[in-house]
There are 2 protein chains.
Amino acid sequence: MRQIENMFSKSCEYGLKAVIYIASQSLEGKRIKIDDIAEKAGSPRAFTAKILGTLTKFNIINSLKGPYGGFDIEIKRMKEIKISEIVFAIDGDSIYNGCALGLTECNAQEPCPMHENFVQIREELKKMLETTTIFELATKFNSGESILVRKDRIAS
Amino acid sequence: MRQIENMFSKSCEYGLKAVIYIASQSLEGKRIKIDDIAEKAGSPRAFTAKILGTLTKFNIINSLKGPYGGFDIEIKRMKEIKISEIVFAIDGDSIYNGCALGLTECNAQEPCPMHENFVQIREELKKMLETTTIFELATKFNSGESILVRKDRIAS
DNA sequence: ATTATTTCAGACAAATTTATCTTAATATAA
DNA sequence: TTATATTAAGATAAATTTGTCTGAAATAAT
């Protein structure tokens, strides 16, 4: 049974990690291949590739086939893109109108018993996702302030 | 692909709704049967029954077999039980130590790129889950201030 | 004791999510 | 234009979550 700790689906986790890594490399002028992404992000290669396909269609990242191909993001673009856009691309819409108890609709007029308790938390979550850019995350990662895989999980 | 909106697993949703309904009936001195719970909470009967088995083992609710049997909760108990305990019983431990990007461990020393962004939100979520009692939720439901199913989804 | 009513337990099934594999399409370089 | 390197796409498979069914166990009333 799933844990609440899993804020995002695996698809989203892989997508976010991949984009952060691609951006971090683009910041250094490098286009990067799926194998490298999968390794550095500690994610399954084929599954990640499929997710990157989606993100490419949504114009969140660029892809180029063939030798010297791979993925990248313009710096301008990574300053525009928010976490919420990636989540939207991968997990679809209806990101914020969900109900903790699964009501098809849940609002102040006809709330589930937990609605009020979640209002503030949801609001903050939404704000955070919609204001945090990939540039911020990639910069933090590049400076070594954060990591994408535990050292003991990187293939050597 | 799963939505972030699904704060809880279906198991948790059903468990929470069932407990709230059982409590609301116990407040009125009524022991209540699984069929009634499933109907009033708009949840699948057999699946809900299984979850109630778990909650019974965790002493969150009482069950009684046979005629005049069913489920209930002492008022004293529903004032003690917090949402977090139900989530724990159904989805297990490691409720709060999860990482948004799936790191096996994620903390201020070695954070994922999104760690900082989630600290406050997680803290609030935790606080809310650990302070809200079933009594509060059941009372609110009993007074008609909140609902467990959309009217258009109740079997008539 | 027997019968009816209920939860309990475990096997089974369906749906969804996660993951892999294989082939096609595309781009580069020589 | 051929060979090579790469992503794209789609079929398939495995794992997990969600859901059902059937019979057993327990309880109460007669």
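Keep in mind it's a predicted model, so treat the numbers as computed, not measured. Labels below follow one simple rule: chain letters A, B, ... track the order of the sequence lines, proteins then strands, and each chain is numbered from 1.
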S.K.: When the nearest nucleotide of DNA chain C is assigned to A/R45 and to A/G69 on a heavy-atom basis, which residue is associated with the more 5' position?
M.R.: A/R45
S.K.: Return the value, rounded to whole Å, for the distance between atom CD of B/E13 and atom P of D/dT17.
M.R.: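 Atom CD in B/E13 sits about 15 Å away from atom P in D/dT17.
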S.K.: Find the distance B/K65:NZ to D/dA28:C1' and express it as a whole number of Å.
M.R.: 14 Å
S.K.: Side-chain N or O of A/K57 less than 4.0 angstrom from OP1 or OP2 on D/dA9?
M.R.: yes
S.K.: Is any N or O donor-acceptor pair between the side chain of B/K50 and the base of C/dT7 shorter than 3.5 Å?
M.R.: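 Side chain to base: no pair present.
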S.K.: Are A/K140 and B/E116 close enough for a salt bridge, meaning some N to O gap below 4.0 Å?
M.R.: no
S.K.: What integer distance in Å separates A/F47:CZ from D/dA13:P?
M.R.: 18 Å
S.K.: Give the intermediate values and the outcome of salt bridge (charged side-chain N to carboxylate O under 4.0 Å, His left out) for residues B/K30 and B/E28.
M.R.: CA-CA 6 Å; B/K30 294 178 196 156; B/E28 309 201 322; 3.8 Å; yes
S.K.: Which is true for B/L52 with a 4.0 Å heavy-atom rule: it touches a base, it touches only sugar-phosphate, or it touches nothing?
M.R.: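 Answer is nothing: B/L52 stays at 4.0 Å or more from every strand.
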S.K.: Calculate the interatomic distance between A/I32 atom CD1 and D/dA5 atom P; express it in whole Å.
M.R.: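 It works out to 17 Å between those atoms.
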S.K.: Checking only heavy atoms, does the side chain of B/K10 share a donor-acceptor pair with the base of C/dT16 at less than 3.5 Å?
M.R.: no
S.K.: Under 4.0 Å: is that the gap between some side-chain N or O of B/S11 and OP1 or OP2 of D/dT17?
M.R.: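 It does not, given that no N or O in the side chain of B/S11 lies less than 4.0 Å from OP1 or OP2 of D/dT17.
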S.K.: Rounded to the nearest angstrom, tell me the gap between atom CZ in B/R31 and atom P in D/dA28.
M.R.: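 To the nearest whole Å, that distance equals 8 Å.
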S.K.: Output the rounded distance in Å from CD1 (A/I90) to C1' (C/dT18).
M.R.: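 So the two atoms are 13 Å apart, to the nearest Å.
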S.K.: Regarding B/E123 and B/K126, does a basic nitrogen lie under 4.0 Å from an acidic carboxylate oxygen?
M.R.: no
S.K.: Nearest-nucleotide wise, let me know which of B/A49 and B/G66 is further upstream toward the 5' end of DNA chain C.
M.R.: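 That would be B/G66.
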S.K.: A/A46 side chain: which of C/dA27, C/dC21, C/dT7 is closest?
M.R.: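 The answer is C/dC21.
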S.K.: Give the rounded distance in Å between these two atoms: CG of B/L64 and C1' of D/dA28.
M.R.: 9 Å
S.K.: Is the shortest side-chain N/O distance from A/K33 to OP1 or OP2 of D/dT6 below 4.0 Å?
M.R.: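 A/K33 to D/dT6 OP1/OP2: side-chain N or O found under 4.0 Å.
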S.K.: Do NZ/NE/NH1/NH2 and the carboxylate oxygens of A/E13 and A/K10 come within less than 4.0 Å?
M.R.: yes
S.K.: Could you work out which one of D/dT20, D/dA28, C/dT20 sits closest to the side chain of B/P67?
M.R.: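 For B/P67, the side-chain atoms sit closest to D/dA28.
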S.K.: Got a salt bridge between B/E80 and B/R77, using NZ or NE/NH1/NH2 to carboxylate O under 4.0 Å?
M.R.: yes
S.K.: If you compare every side-chain N and O of B/Y68 against the phosphate oxygens of C/dA4 (OP1, OP2), does one of them come in below 4.0 Å?
M.R.: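 Answer no for this pair, as no side-chain N or O of B/Y68 is under 4.0 Å from OP1 or OP2.
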S.K.: How many whole angstroms separate atom CD1 of B/I51 from atom C1' of D/dG19?
M.R.: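 Atom CD1 in B/I51 sits about 10 Å away from atom C1' in D/dG19.
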S.K.: Given D/dT27, C/dT7, D/dT7, which nucleotide is nearest the side-chain atoms of B/F71?
M.R.: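 Of the candidates, C/dT7 comes closest.
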